[in-house]
Number of protein chains: 2
Amino acid sequence: MAKPRSAPTLDDVAKMAGVSTATVSRCLNNPDRVVDATRKRVLSAVDTLGYTPNFAARVMAAKRSFTIGAIIPTMENAIFARGLQAFQEELHQRGYTLLVSSSAYKPEIEEEQIRTLIARGADGLLLIGHDRDPKIYDFLAQREIPALVAWSYLSDSHLPSIGFDNRAAMFDLADHVIGLGHSKLGVISGHVDGNDRARLRVQGIRDAISGRGLEASNLSLIETPYEIENGAKAFRKLMSADTPPTAILCGNDVLAAGALRQAQEMGLDVPGDVSITGFDDIELARIVSPALTTVHVPHREMGRKAALQLVEMVENQTAGAGEQLATRIVNRPSLGRPASG
Amino acid sequence: MAKPRSAPTLDDVAKMAGVSTATVSRCLNNPDRVVDATRKRVLSAVDTLGYTPNFAARVMAAKRSFTIGAIIPTMENAIFARGLQAFQEELHQRGYTLLVSSSAYKPEIEEEQIRTLIARGADGLLLIGHDRDPKIYDFLAQREIPALVAWSYLSDSHLPSIGFDNRAAMFDLADHVIGLGHSKLGVISGHVDGNDRARLRVQGIRDAISGRGLEASNLSLIETPYEIENGAKAFRKLMSADTPPTAILCGNDVLAAGALRQAQEMGLDVPGDVSITGFDDIELARIVSPALTTVHVPHREMGRKAALQLVEMVENQTAGAGEQLATRIVNRPSLGRPASG
DNA sequence: ATGCAAAATGCAAGCGCTTACATAATTGCT
DNA sequence: AGCAATTATGTAAGCGCTTGCATTTTGCAT
């Protein structure tokens, strides 16, 4: 009865069970390729030894890790939480483990993370959005790493994508807002550089404005990182204009929550004095009061479908078709008609 | 110019640079043990080949992964976000990578995650709270895996811990609430089974009640998972009693936010009709209105110190001293005196 | 019983890297 | 210029596992 100073290995198990390491390995990975009696013997050895396979060794020998990597721009707010959760659950079902890392919205960090995840043996990758250095796509292609883009659907792109049409979604919301009578619009967007979701959302607003025959000058835009504080700060700035906007469209719910808080601190009634809208429909949108009118994104469905598709790509070497999902406007009290006057 | 069907290896680099694999390896890990000229040659080969070291192979050969594992109960709300973020940042500074997984508050899942993380070669582990099967501690000790507990400080425990005194923190808050004149208290707690933080917080309230000479019957308690919805549900239930509590102490800010929303939906004024308090002081506590009186926990400091301590344990084989951090009550409008009458 | 196909198991070659240890190239002194 | 002491590099043995192929065992029909 030796007490192992370090982890027991396949060899230890094999010895204890009186079989070869090959048999133990098969026992663990293809149980039906081993006869009952030996399997029992092996498993009991595994048990008494407290054996756990060494992952690194396994990856090296099998050249498969059953690990999927995901790189999201941030974990700091809940934007990606629900979708990623669903993604993870579905992967788990299929026997895969998810490794998540965040890029802080920085392209160079994302690139580093991609390399890291691949070095760690990820069988496939989930990326957010399409905007990135083309050489990354070359790298992925050259290494033949299956990768999928989520949170933004484009039909023609380097990688297949599962997501929604950010431009159209925001277009619909903006059009709706203008339809209520708002003609002076403020926009608090995330930085659009390297962020196609943000860029397309702003584009949607622009398109809605010109579609309704309004001047582009009726739009004032601020770009800022996705943080509550920044939403507040941007709101203050937008409202300090000579003729402030009557509606503020925010690039996401987090910015909108910040704007809303700031409105309240400034003693403004929402939506009486100014309307505020968000995007994403995360939990926060319903917690604040008044609750936010926002664009509902089917995060769970997106996550689930992304997982399915990616596993399919990994296991069958297929290309992946991608899929566009529908969004819908959720009307809540933060949006109303402009004060008539 | 062969185009590699799979990743280039150390060998490829060595060949291209005309040196041995050992030299390449040293070049990457101990640059100063290699003379300038060769280093330059090697690095340029690395570059043109686009070489990235294979992590699994490296872990196997070096028996070090520079990876730290953390298992938190949940990622679904922000309870652990800030602390973990600081933990991660500090680890990164020290050259370590963080692997996070969540146990969904289930002991058996936590155990599985611990094994998984170790199998993946984690050099050390961060665990939340002290309540777990003793055999896990045996396992960790036998495998000699450095591990540290956070979010709860206990001076005598299997593992060193960095955190605060959950009982004392909640005791202070409850004592303060009672001092304001509240004598009928409602408590919405997380499940205390297997969760020492929750258990100790409740204990703190009990101690405050008896410390003030009140009957234990003045306390009504509901245990429920940490989700906004459940906070709302529990609040409804507590307030439906014949003589409902005048103050509701919640196990954390998330439950408190749920309770608050429910209060508003029931047309109750907070704190006029009923006071509500939280715990943690996450961002949410300041976003809701009225903002929540809560217990501020120095999450960032805790995360940072945990990282420092754990790295120290890993690198110097030391035992780890642990540290108790101070919390403080943050007074905000959700807490007031009970309606006199 | 006997022979043969099929099923079960064993053998051993890697997977890509690190690291003692051995060897070769430099350096500094005299 | 010559030798010892350094310093730089090469050699090769694993790390723990999977898997193709070889070998043994089993089950069955004859």
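Chain letters run A, B, ... following the sequence lines, proteins first and then strands; every chain starts at 1.
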Looking only at C:dG10, D:dC17, C:dG16, the nucleotide nearest the A:Lys63 side chain is C:dG16
Here the distance between atom C1' of D:dC15 and atom CE of A:Met60, to the nearest Å, is 8 Å
From the candidates C:dT9, D:dG16, C:dG10, the one with an atom nearest any side-chain atom of A:Val19 is C:dG10
When rounded to whole Å, the CZ to P distance for the pair B:Arg39 and D:dT7 reads 15 Å
With the side chain defined as heavy atoms from C-beta on, A:Leu10 is closest, among C:dT18, D:dC17, D:dT9, to D:dC17
Atom CZ of A:Arg33 and atom P of C:dG10 are separated, to the nearest Å, by 13 Å
Which of D:dT19, D:dC17, D:dT9 is nearest the side chain of B:Val35? It is D:dT9
Is the shortest side-chain N/O distance from A:Ser20 to OP1 or OP2 of C:dG10 below 4.0 Å? yes
* Asked: Base, sugar-phosphate alone, or nothing: which one does B:Phe55 contact when heavy atoms must sit under 4.0 Å apart?
  -> nothing
Test the B:Arg300-B:Phe87 pair against the cation-pi criterion, namely NZ or CZ under 6.0 angstrom from the six-membered ring centroid and within 45° of the ring axis.
-> no
- Query: Is the NE2 atom of B:His191 crowded by more than 12 outside heavy atoms at less than 6.0 Å?
  - Reply: yes
- request: Would you indicate what A:Ala62 reaches in the nucleic acid, counting non-hydrogen atoms under 4.0 angstrom: base, sugar-phosphate, or nothing?
  value: sugar-phosphate
Check: Which part of the nucleic acid does B:Val34 contact within heavy-atom distance under 4.0 Å: base, sugar-phosphate only, or nothing?
Finding: sugar-phosphate
B:Ser25 side chain N/O closer than 4.0 Å to the phosphate oxygens (OP1, OP2) of C:dT18? yes
Atom CG of A:Leu28 and atom C1' of D:dT18 are separated, to the nearest Å, by 12 Å
Query raised in the report: Does A:Asn54 put a side-chain nitrogen or oxygen below 4.0 Å from OP1 or OP2 of D:dC15?
Result: no
Rounded to whole Å, the NZ-P distance (A:Lys40 to C:dA8) equals 15 Å
**Over-ring placement of A:Arg120 relative to A:Phe55, 6.0 Å and 45° cut-offs** = no
With the side chain defined as heavy atoms from C-beta on, A:Thr21 is closest, among D:dT18, C:dG16, C:dT9, to D:dT18
Closest to the side chain of B:Ala61, out of C:dG16, C:dT9, D:dT18, is C:dG16
On DNA chain C, more 5' by nearest nucleotide between B:Arg26 and B:Thr52 is B:Thr52
To the nearest angstrom, the CZ-P distance between A:Arg41 and C:dA8 comes to 14 Å
Side-chain contact check for B:Ala22: nearest option of C:dT19, C:dG10, C:dC17 is C:dT19
Judged by nearest nucleotide, the residue sitting upstream toward the 5' end of DNA chain D, A:Ala56 or B:Gly18, is B:Gly18
**Study point:** Side-chain donor-acceptor pair present, A:Asp11, A:Thr21, cut-off under 3.5 Å
**Key:** no
Between CZ of B:Arg120 and P of D:dG16 the distance, given in whole Å, is 18 Å
Exercise for review: Ignoring hydrogens and angles, state whether a donor on the side chain of B:Glu89 or B:Gln85 is under 3.5 Å from an acceptor on the partner side chain.
Suggested key: yes
From the list A:Arg132, A:Gln142, A:His158, side-chain hydrogen bond (donor to acceptor under 3.5 Å, both in side chains) with A:Tyr137 holds only for A:Arg132
- Query: Do the side-chain N or O atoms of B:Thr23 get closer than 4.0 angstrom to the phosphate oxygens (OP1, OP2) of D:dT9?
  - Reply: no
From CG of A:Asp11 across to C1' of C:dC11 the rounded distance in Å is 13 Å
